[in-house]
S.K.: 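Here it is: the structure, laid out below.
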Amino acid sequence: MRSDIIKSYMIKISLLGFIIMFNVLHSENENLTQYVDSFIGTAGGGNTFPGAVLPWGMVSVSPHTDPNAPSGYIYNQPYFYGLGHVHFSGTGCSDLGSIILTAGENDWETTPNLYRCHYSDEQARPGYYSAKLVEPEVQVEATATNRCGFTQFTPDENGDLSILIDAGRSLVERRGGAINIISAEEVTGYNISGGLCGEDNRHKVYFVARFNQSSKQAEIWTDDKILNNRFASIEDAGIGVRMIFNSNPDKPVKVKVGISYVSIENARKNLEQELPHWNFNQIVSEAQLAWEQQLSRIKVGDGSNTNKIKFYTALYHALIHPNIISDVNGEYPLMGQNGTGKVTNSERYSVFSLWDTYRTLHPLLTLVYPERQSAMIRSMLNMYRESGWLPKWELAGNETYMMVGDAAPIVISDSYIKGIRDYDTDLALEAMLKPALIETGEMAPPIRSGYHELLKYGYITFPQDKSQEWWAWGPVSTSLEYCLSDWAIANMAQKLGKDKIAGEFFKRSGYYKNLFDRKTNFMRPRRRDSSWLTPFDPLETEGSGSWEGSGGPGYVEGNAWNYTWFVPHDITGLINLFGGEEPFCEKLQTCFSEGHFTINNEPDIAYPYLFTYLPGEEDHTRKIVKNIMEDNFGTGPGGLPGNDDAGTISAWFVFSALGFYPACPATDNYRLGEPLFRKAVIDLNREYYPGEKFIVEKKGSLLANQKPKIISINGEVWDEYRIFHSQIVGGSQLIFEY
């Protein structure tokens with residue numbers, strides 16, 4: 001009898017072991033793309049797009065449902081305006097969106113309001129998009145490689161099918177381009193675009209479109225004129241081509257479109273190398289595999305499907321920009337000048353929205369995708385070689401000068417301090433220093449507009465003389481941004497043994513103190529005579545510029561509440577300005593309790609983690625971050641809190657869900673919060689880091705709103721609310737025990 005009990009017990013143990021092993025294996029091989037909802041962020045101002053794109057891909061084949069939207073798409077709009085081939089994800093201003101492809105009725109339709117149509121039954125997943133067009137009745141499906149789009153149109157019935165390529169329009173008002181009908185199966189050309197947020201940037205997007213069957217008819221239009229020409233080009237006007245095909249449900253019209261920012265010849269090379277066949281489903285499968293490989297760098301488990309959808313969609317959005325701009329032969333448009341450069345054994349990147357991305361996105365890439373971050377830094381240094389400056393807000397080889405501060409040094413210093421150093425570090429320091437080493441009386445370059453005033457007065461003055469070409473927007477905010485950038489320079493210079501430079505820039509990083517008003521405990525605008533600007537309203541959100549949402553007087557897209565704690569490099573010094581931890585904590589709590597904090601814009605997104613600098617107050621961070629992840633991030637189209645800004649807000653969620661956060665880039669530590677999942681595993685790149693995996697776990701009974709009893713690293717109790725980069729990349733285990 002006893003032996004039967006033991007035998008039965010052993011069978012149960014073996015079965016339990018099998019179940020555990022099965023679950024582990026299943027988890028390790030889980031299809032992670034199933035948790036990506038490409039429609040999250042496509043409503044409510046997130047400004048993401050649902051179309052087909054690869055990780056960091058040049059091409060994104062995505063629908064336009066609102067030509068005035070920054071990504072061309074807003075969820076649940078009535079009309080489909082076609083598929084563009086290059087797009088922004090999450091930005092607040094429009095650009096790109098060109099080489100628009102759609103199916104139309106057989107009558108001539110030369111403007112979006114004529115060739116738009118109703119649609120239904122949208123579907124999207126990583127690397128794939130489809131919709132049913134109502135007029136004409138056609139199923140449209142799209143996928144992508146890095147540099148090519150692949151679309152197929154399947155009609156409901158036999159008959160003629162009209163395919164339109166609008167080469168003259170994008171998502172900005174500027175129009176123009178060229179069309180060349182090479183044959184009944186091939187069309188080439190380019191689009192002229194630019195004008196991000198009203199700036200003067202210009203670029204061309206070249207294309208080669210190849211069809212799987214011969215057209216019956218092909219004609220070019222310019223504006224509303226039909227041409228018999230085989231070639232036409234135009235500026236400041238519309239241009240496109242209509243191709244008519246015999247088609248039926250068993251013979252869809254397929255279109256392969258190679259894209260290049262260099263030339264038509266390169267667009268053809270991209271097409272021939274990346275899409276040599278017509279197997280649409282194969283490209284869809286390869287796109288999904290590419291996403292699986294990148295998403296699987298981080299595996300999370302034992303959480304709800306809702307949280308997994310939030311997490312992997314956030315990670316997905318964080319892996320779109322900066323994106324590849326070099327062609328298969330390595331060529332790319334030079335920065336700030338005409339001509340072509342070439343990279344070997346790497347790729348050139350574009351869309352450096354650095355004011356946003358230095359805070360979360362680039363630290364995420366540095367930790368989890370260091371090989372990509374390294375290539376991006378090399379791209380930035382090549383931009384310096386070509387244009388004389390590091391990028392500020394670069395697009396397609398043009399500097400747009402959007403936003404404020406000088407974020408490139410922060411990005412480079414952060415990566416250097418964390419161990420990414422496979423580039424010319426002396427050149428990097430030289431590039432970081434160049435706009436900051438100006439002579440007395442010399443105007444600062446546009447990369448650091450207003451910086452000469454920071455050196456002269458110890459702060460940038462308000463009001464600014466807007467008759468100057470490069471006046472400083474939001475002097476308080478801009479001054480604080482420069483202080484952080486100077487601290488990043490000092491930190492890297494010190495690591496490189498440049499002590500004199502480090503000393504000077506550590507000094508400059510402390511100029512933030514000159515803007516702190518001890519009577520109000522706010523960072524506050526000052527005049528040239530050192531007096532405080534009056535009247536002063538810390539809640540004012542207009543007056544820093546002439547446009548709506550520019551920010552309160554002296555601030556950028558915010559107010560005094562949004563910027564008073566923006567000294568991430570010296571929180572201890574800021575606490576001293578407040579008069580100690582108690583008044584600092586009291587006002588910080590007021591910021592949250594009265595609703596002055598916002599997660600939908602970058603300046604204050606690190607503020608929930610400031611409580612970890614205050615012994616005994618750390619639990620506020622855990623509660624606030626948890627509430628933000630639950631209340632401000634969702635699984636519907638409006639599931640992102642405001643513009644995603646090239647993945648910045650999504651990267652905030654990724655870090656916060658993992659339980660640690662880079663509250664101060666260009667330093668070697670992260671602040672601790674609370675992980676969202678029972679277990680998360682980051683696979684480390686052994687070419688850059690010594691460890692194999694970093695594991696974060698929650699153990700014990702997880703009751704609602706319960707704080708951890710013990711935090712440990714590799715089995716040793718850890719009393720600090722920060723963890724060091726070296727601990728993570730060394731391969732360690734961070735455990736929160738409840």
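Here, residue 1 is the first one in the sequence, and each next residue gets the next number.
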S.K.: Could you check Phe211 against Phe245 for ring-ring contact (aromatic ring centres under 6.0 Å, His included), going step by step and ending with a plain yes or no?
M.R.: CA-CA 10 Å; Phe211 297 83; Phe245 298 87; 4.9 Å; yes
S.K.: Quick check: His87 with His321 (ring centres under 6.0 Å apart)?
M.R.: no
S.K.: For residues Tyr261 and Tyr332, establish whether the separation of their ring centroids is below 6.0 Å.
M.R.: no
S.K.: Of Asn229, Thr188, Val187, which is the lone residue that meets side-chain contact (heavy atoms from CB on, under 4.5 Å) with Asn180?
M.R.: Thr188
S.K.: Within the 3.5 Å criterion, strictly below it, is a donor on Glu331 or Asn266 matched to an acceptor on the partner's side chain?
M.R.: yes
S.K.: Measure the shortest side-chain to side-chain distance between Ser162 and Asp160 over non-hydrogen atoms and say whether it is less than 4.5 angstrom.
M.R.: no
S.K.: Does the Lys NZ or Arg CZ of Arg125 fall within the cation-pi geometry relative to Tyr128 - under 6.0 Å from the ring centre and within 45° of the axis?
M.R.: yes
S.K.: Taking the side chain as every heavy atom from C-beta outward, state whether Leu640 and Asn47 have any pair of such atoms under 4.5 Å apart.
M.R.: no
S.K.: Side-chain contact test, heavy atoms from C-beta onward, threshold under 4.5 Å: evaluate it for Val140 versus Gln152 and give yes or no.
M.R.: no
S.K.: Scan side-chain atoms only and decide if Glu219 and Gln217 contain a donor-acceptor pair under the 3.5 Å cut-off.
M.R.: yes
S.K.: Looking at Leu334, is its backbone amide N or carbonyl O close enough to the side chain of Glu386 to form a donor-acceptor pair, meaning the two atoms are under 3.5 Å apart?
M.R.: no
S.K.: Mind listing the closest non-hydrogen atom pair of Ala287 and Gly127 along with its distance?
M.R.: CB-CA, 3.8 Å
S.K.: Are any side-chain N or O atoms of Glu292 and backbone N or O atoms of Leu32, one a donor and one an acceptor, separated by less than 3.5 Å?
M.R.: yes
S.K.: Is NZ or CZ of Lys256 both nearer than 6.0 Å to the six-membered ring centre of Trp278 and within 45° of the ring axis?
M.R.: yes
S.K.: Step through it carefully: locate the ring centre of Tyr79, locate the ring centre of His118, and say whether they are under 6.0 Å apart.
M.R.: yes
S.K.: Does this structure show an ion pair linking Glu186 with Arg210, if we count only N-O contacts that are shorter than 4.0 Å?
M.R.: yes
S.K.: Could you check whether any side-chain heavy atom of Ser296 comes within less than 4.5 Å of a side-chain heavy atom of Gln294, counting everything from C-beta outward?
M.R.: no
S.K.: Does the gap between the ring centers of Phe633 and Phe653 come in under 6.0 Å?
M.R.: yes
S.K.: Closer than 3.5 angstrom, by distance alone: can the side chain of Asp66 be matched with the main-chain N or O of Asn68 as a donor-acceptor pair?
M.R.: yes
S.K.: Do the side chains of Tyr384 and Pro391 get nearer than 4.5 Å, heavy atoms only?
M.R.: no
S.K.: May I ask you to check whether Tyr206 and Asn191 show a side-chain donor-acceptor distance below 3.5 Å?
M.R.: no
S.K.: More than 12 foreign heavy atoms under 6.0 Å from CG of Asn113: is that the case here?
M.R.: yes
S.K.: For the backbone of Gly336 and the side chain of Ser387, can you confirm whether one donor and one acceptor N or O come within less than 3.5 Å of each other?
M.R.: no
S.K.: For a quick check under 3.5 Å, do Thr33 and Asn31 share a side-chain donor-acceptor pair by atom type?
M.R.: yes
S.K.: Considering non-hydrogen atoms only, spot the tightest contact between Ile40 and Gly634 and give its length.
M.R.: CD1-O, 3.7 Å
S.K.: Any side-chain heavy atom of Ile165 sitting closer than 4.5 Å to one from Ile100?
M.R.: no
S.K.: Just checking, any donor-acceptor pair under 3.5 angstrom between side chains of Ser353 and Asp356?
M.R.: yes
S.K.: Quick check: closest heavy atoms across Ala103 and Leu133, and the distance to 0.1 Å?
M.R.: CB-CD1, 4.2 Å
S.K.: Please confirm whether Trp56 and Tyr349 have ring centers closer than 6.0 angstrom.
M.R.: no
S.K.: Looking only at heavy atoms, which two atoms of Gly72 and Leu171 are closest? And how far apart?
M.R.: N-CD1, 3.4 Å
S.K.: Looking at Lys251, I want to see if its NZ is surrounded by more than 12 non-hydrogen atoms of other residues, nucleotides or ligands under 6.0 Å.
M.R.: no
S.K.: Establish, from distance only, whether the side-chain atoms of Asp95 and Asn201 form a donor-acceptor pair under 3.5 Å.
M.R.: yes
S.K.: Give a yes or no on this: more than 12 heavy atoms of other residues, nucleotides or ligands lie within 6.0 Å of atom CD of Glu157.
M.R.: no
S.K.: Are Phe150 and Phe280 close enough that their ring centers fall under 6.0 Å?
M.R.: yes
S.K.: Kindly indicate, with the supporting measurements, whether the criterion ring-ring contact (aromatic ring centres under 6.0 Å, His included) is fulfilled by Phe311 and Tyr35.
M.R.: CA-CA 8 Å; Phe311 181 84; Tyr35 299 115; over 10 Å; no
S.K.: Strictly distance-based, threshold 3.5 Å: is any side-chain N or O of Trp221 a donor or acceptor partner for the main-chain N or O of Asp166?
M.R.: no
S.K.: Does the side chain of Tyr369 reach to within under 4.5 Å of the side chain of Glu371, using non-hydrogen atoms?
M.R.: yes
S.K.: Under the 3.5 angstrom rule, does the side chain of Ser215 hit a backbone N or O of Met243 as a donor-acceptor pair?
M.R.: no
S.K.: Indicate yes or no: does Arg175 engage Glu235 in a salt bridge with an N to O separation below 4.0 Å.
M.R.: no
S.K.: Is the shortest heavy-atom distance from the side chain of Glu30 to the side chain of Lys308 under 4.5 Å?
M.R.: yes
S.K.: Strictly by modelled atom types, are Asp327 and Ser260 linked by a side-chain donor-acceptor pair under 3.5 Å?
M.R.: yes
S.K.: What are the two closest non-hydrogen atoms of His64 and Ser71, and how far apart are they?
M.R.: CD2-O, 4.4 Å
S.K.: With a 3.5 Å cut-off and no angle check, do the side chains of Asp37 and Thr313 form a donor-acceptor pair?
M.R.: no
S.K.: Show every salt bridge (Lys or Arg N to Asp or Glu O under 4.0 Å) that has at least one partner inside residues 273-289, sequence neighbours left out.
M.R.: Arg147-Glu274
S.K.: Any luck finding a side-chain donor-acceptor pair between Tyr129 and Glu122 under 3.5 Å?
M.R.: yes
S.K.: Hey, does the side chain of Ser650 reach the backbone of Gly647 with a donor-acceptor pair shorter than 3.5 angstrom?
M.R.: no
S.K.: Between Arg348 and Glu394, does any NZ, NE, NH1 or NH2 come within less than 4.0 Å of an OD or OE carboxylate oxygen?
M.R.: no
S.K.: Classify the side-chain pair Ser170/Ser193 by whether it contains a donor and acceptor separated by less than 3.5 Å.
M.R.: yes
